[in-house]
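Below: one structure, written as structure tokens.
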Amino acid sequence: QVQLVESGGGLVQAGGSLRLSCASSSYTFSDHAMGWFRQAPGKEREFVAAISGNGDNTYFADSVKGRFAIFRDNAKHIVYLQMNSLKPEDTAVYYCAADVSYYPGRYLSNVVYGYTYWGQGTQVTVSS
């Protein structure tokens, strides 16, 4: 069982920045690809970004490309989502997730069922 705990959400004005963190309890954290998803009220959970186990490969949804960055600190078992130039449409609950079936060279998943473990979520609200 892997526990994931997100933090860093909050209220920010449009154009501002936030950095989300996700701490993992897994001793094999560096083996897992990690992803960030978000869910707005009344909408399905959608993919935001993913990163490979060693951090060399990343993948972003078109809606956040160029504004968001994902990176990880394998020594601390933390994955981060840096969000810049935030827009009101970025408002959602943000979830981190672990893909424990990932192996080096495999594609990074952008679907909910590609991830085994999930955090509880952190709210991000962007005001206009």
Kindly indicate, with the supporting measurements, whether the criterion side-chain contact (heavy atoms from CB on, under 4.5 Å) is fulfilled by Met34 and Leu4.
CA-CA 11 Å; Met34 298 295 295; Leu4 302 173; 4.0 Å; yes
Leu11 vs Gln123, test: side-chain contact (heavy atoms from CB on, under 4.5 Å). Steps then yes/no.
CA-CA 8 Å; Leu11 173 63; Gln123 176 70 46; over 6 Å; no
Set out, in order, the CA-CA distance, both residues' side-chain angles and the distance that settles side-chain contact (heavy atoms from CB on, under 4.5 Å) for Gln82 and Ser17, then state yes or no.
CA-CA 7 Å; Gln82 177 67 41; Ser17 298; 4.0 Å; yes
After noting the C-alpha distance and the side-chain angles of Tyr102 and Ser109, does the key distance pass the side-chain contact (heavy atoms from CB on, under 4.5 Å) rule?
CA-CA 9 Å; Tyr102 174 83; Ser109 177; over 6 Å; no
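Summarising the geometry, atom NE2 belonging to His77 is positioned 8.5 Å from atom OG1 belonging to Thr28; distances are rounded to the nearest 0.5 Å. Here the OG atom belonging to Ser128 is positioned 9.5 Å from the CD atom belonging to Gln13, to the nearest 0.5 angstrom. Interatomic distance, OG of Ser63 versus CZ of Phe68, reported as 7.5 Å (0.5 Å rounding).
In this structure, the side chains of Arg45 and Trp118 come closer than 4.5 Å at one or more pairs of heavy atoms. Between Tyr80 and Ile78 the shortest side-chain heavy-atom distance falls below 4.5 Å. Contact of the Val2 side chain with the Ser24 side chain is registered, since non-hydrogen atoms from C-beta on lie closer than 4.5 Å.
Listed by first and then second residue, the salt bridge (Lys or Arg N to Asp or Glu O under 4.0 Å) pairs involving residues 104-117 are Asp99-Arg106 (not counting sequence neighbours).
Not one N or O on the side chain of Arg72 forms a donor-acceptor pair closer than 3.5 Å with the backbone of Gly55. Side-chain atoms of Asn74 never come within 3.5 Å of backbone atoms of Phe29 as a donor-acceptor pair (strictly under, hydrogens ignored). A distance-only check finds a donor-acceptor pair linking the side chain of Glu6 to the backbone of Gln120 [under 3.5 Å]. Side-chain atoms of Thr122 do not come within 3.5 Å of backbone N or O of Tyr94 as any donor-acceptor pair.
Between Ala40 and Ala92 the shortest heavy-atom distance is N-CB, 3.8 Å. The two residues Leu20 and Gly9 come nearest to each other via the heavy atoms CD2-N, 3.6 Å. A pairwise comparison of heavy atoms in Asn57 and Leu108 identifies O-CD1, 3.6 Å as the closest pair. The shortest non-hydrogen separation linking Asp56 to Ser52 is N-OG, 3.2 Å.
In the displayed structure, Glu89 atom CD is contacted under 6.0 Å by more than 12 heavy atoms of other residues, nucleotides or ligands.
If you chain together hydrophobic residues whose side chains sit under 4.5 Å apart, Val100 and Val112 never meet in one group. In this structure, Val48 is a member of the same hydrophobic cluster as Tyr117, with clusters built from ILVMFWY side-chain heavy atoms closer than 4.5 Å.
Aromatic ring centres of Tyr59 and Phe47: separated by under 6.0 Å.
A salt bridge is absent between Asp90 and Lys87: the closest approach of a Lys/Arg side-chain nitrogen to an acidic carboxylate oxygen does not fall below 4.0 angstrom.
Checked options Val124, Val64, Leu81; the residue passing with Arg38 is Val64 (criterion: side-chain contact (heavy atoms from CB on, under 4.5 Å)).
Scored by the ring pair (Phe, Tyr, Trp, His ring centres under 6.0 Å) test, Tyr115 finds Phe37 as partners (sequence neighbours excluded). For Arg19, the salt bridge (charged side-chain N to carboxylate O under 4.0 Å, His left out) test picks out no residue, with sequence neighbours left out.
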